[in-house]
Amino acid sequence: MRIVLLGAPGSGKGTQSRQLLERYRIAQVSTGDLLRAAVAQGTPLGQAAQAAMSAGRLVEDDIVLGMIRERLREPDTAAGFILDGFPRNLAQAVALDRLLQQIGRPLDAVVQLQVDYAELSRRIAGRRTCVDCGRVVNLTTTPSEVLEHEPCPKTGKPHRLVQRPDDTEATVAERLRVYDEQTRPLIDYYAAQGLLHSIDAEGAVADVARRLQAVLPHD
Ligand code: AMP
């Protein structure tokens, strides 16, 4: 199964991707995660991406497309993949179609996660990531046993939770604006291809996961 999850920052693309990859055993491909790893390692690609990321703007298409091309060559994507945070604009969507056509692996579905603006802002404000294992939690919805007592699988100690540097108020406003301007047009692009499904992505993670699975093609 090859799918794209489309949605604004905070709509739950990462959370739902993790649910899907456990269920379908397919790879999660998150350009945001790949870029953050490159920034953390200080690679030339990370250095080139950092300014745009911290300002909440999109990183250059060439950088992101190069990363995707390489990632889709890795064997864990052979059984299928979930694209999380890619494509983000029309040029990326067209390039993706071309790439998938070349390798004979077209998309099966695109799912838009719908969440209203106030809820997006609330989710992003509460989002925290463990610096050691990368687990993403939300201060408002994750049970306090997990937040305070669950041992981190990497350290065996409680998670060390930090806020993403681009989850601050000013940057979030810019990321939402960029979503509306550049990413939202992809809804029509994929609807015209007959691939689009839109689901209500508010409420409990498990409920959203059920709605998502209900619209995915069954083998
Ligand atoms: P995300 O984790 O998906 O919210 O992405 C975090 C940041 O990484 C974005 O605000 C962009 O600066 C950058 N980024 C992630 N994916 C893309 C993409 N497909 N194209 C351009 N920039 C991206």
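Because the structure is predicted, anything quoted here is derived from the model rather than measured. Counting convention: from 1, in listed order, for ligands and their atoms alike.
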**Q** Sequence neighbours excluded, which residues qualify as side chain to side chain contact (heavy atoms under 4.5 Å, CB included) partners of Pro153?
**A**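 Only Cys133, His159 meet the side chain to side chain contact (heavy atoms under 4.5 Å, CB included) criterion with Pro153.
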
**Q** Closer than 4.0 Å to some heavy atom of Gly85 - which atoms of ligand 1 meet that?
**A**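 The list of qualifying atoms is 16 (N), 17 (C), 18 (C), 19 (N).
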
**Q** Nearest to atom 8 (O) of ligand 1, what protein heavy atom do you find, and at what distance?
**A**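 Here the closest protein heavy atom is Met53 CE, 3.5 Å.
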
**Q** Please determine whether any non-hydrogen atom of Glu60 lies less than 4.0 Å from an atom of ligand 1.
**A**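 Outside the 4.0 Å threshold, so no.
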
**Q** Out of all atoms in ligand 1, which are within 4.0 Å of some heavy atom of Arg57? Include the element for each.
**A**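 In order of numbering, the contacting atoms are 11 (C), 12 (O).
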
**Q** Backbone, side chain, both or neither: what part of Val64 comes under 4.0 angstrom of ligand 1, heavy atoms only?
**A**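 The side chain, only.
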
**Q** Heavy-atom distances under 4.0 Å decide this one: backbone, side chain, both or neither, for Lys13 against ligand 1?
**A**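 The answer is neither; Lys13 stays 4.0 Å or more away.
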
**Q** For ligand 1, which is the ligand I care about here, please tell me if Asp33 has any N or O atom under 3.5 Å from one of the ligand's N or O atoms.
**A**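 No; the residue has no nitrogen or oxygen that sits under 3.5 Å from a nitrogen or oxygen of the ligand.
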
**Q** Test Leu6 against every option in Asp84, Ile187, Val111, Leu113 by the side chain to side chain contact (heavy atoms under 4.5 Å, CB included) rule and name the one that passes.
**A**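 It is Ile187; the other options fail the test.
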
**Q** Taking the basic N atoms (NZ, or NE/NH1/NH2) and the acidic carboxylate oxygens, is any pair closer than 4.0 Å for Arg88 and Asp61?
**A**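 No, Arg88 and Asp61 are not salt-bridged.
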
**Q** Testing the basics here: between Leu72 and Thr77, what is the closest heavy-atom pair and its distance to 0.1 Å?
**A**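 What the structure gives for the nearest pair is O-OG1, 3.1 Å.
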
**Q** Relative to ligand 1, is Asp61 under 4.0 angstrom through side chain, backbone, both or neither, heavy atoms considered?
**A**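 No part of Asp61 comes within reach of ligand 1.
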
**Q** Please list, in number order, the atoms of ligand 1 under 4.0 Å from a heavy atom of Gln92.
**A**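 Every atom of ligand 1 under 4.0 Å from some heavy atom of Gln92: 18 (C), 19 (N), 20 (N), 21 (C).
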
**Q** If you have a sec, work out which protein heavy atom is nearest atom 1 (P) of ligand 1 and how many Å separate them, to one decimal?
**A**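 For atom 1 (P) of ligand 1, the nearest protein heavy atom is Arg88 NH2, 3.5 Å.
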
**Q** What's the shortest heavy-atom distance between Gln16 and Val205, and which atoms?
**A**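 Looks like NE2-O, 3.2 Å.
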
**Q** Considering non-hydrogen atoms only, spot the tightest contact between Ile26 and Met1 and give its length.
**A**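 Closest pair (atom of Ile26, atom of Met1, distance): CD1-O, 3.7 Å.
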
**Q** Considering only protein heavy atoms, which is closest to atom 17 (C) of ligand 1, and at what distance to one decimal place?
**A**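 Answer, as residue, atom name and distance: Thr31 OG1, 3.6 Å.
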
**Q** Restricting to non-hydrogen atoms, name the atom on Leu120 and the atom on Gly10 that form the minimum distance, rounded to 0.1 Å.
**A**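 Answer, listing the atom of Leu120 first, then Gly10: CD2-C, 3.6 Å.
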
**Q** Pick one of side chain, backbone, both or neither for how Leu35 approaches ligand 1, counting any non-hydrogen atom pair under 4.0 Å.
**A**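 It is the side chain that gets close, since no backbone atom is under 4.0 Å.
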
**Q** Should you measure from each heavy atom of Arg164, which atoms of ligand 1 turn up under 4.0 Å away?
**A**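 Numbered from 1, ligand 1 contributes 1 (P), 2 (O), 4 (O), 6 (C).
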
**Q** Any idea which part of Met67 is under 4.0 Å from ligand 1, heavy-atom wise: side chain, backbone, both or neither?
**A**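 Under 4.0 Å from ligand 1, Met67 contributes no heavy atoms.
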
**Q** Do you reckon Leu107 sits in the same ILVMFWY cluster as Ile103, going by side-chain contacts under 4.5 Å, direct or chained?
**A**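 Same cluster: Leu107 reaches Ile103 through Ile, Leu, Val, Met, Phe, Trp or Tyr contacts under 4.5 Å.
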
**Q** Between Lys157 and Pro151, is there a donor-acceptor pair closer than 3.5 Å when you use the side chain of the first and the backbone of the second?
**A**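 Here the side-chain-to-backbone pair does not exist.
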
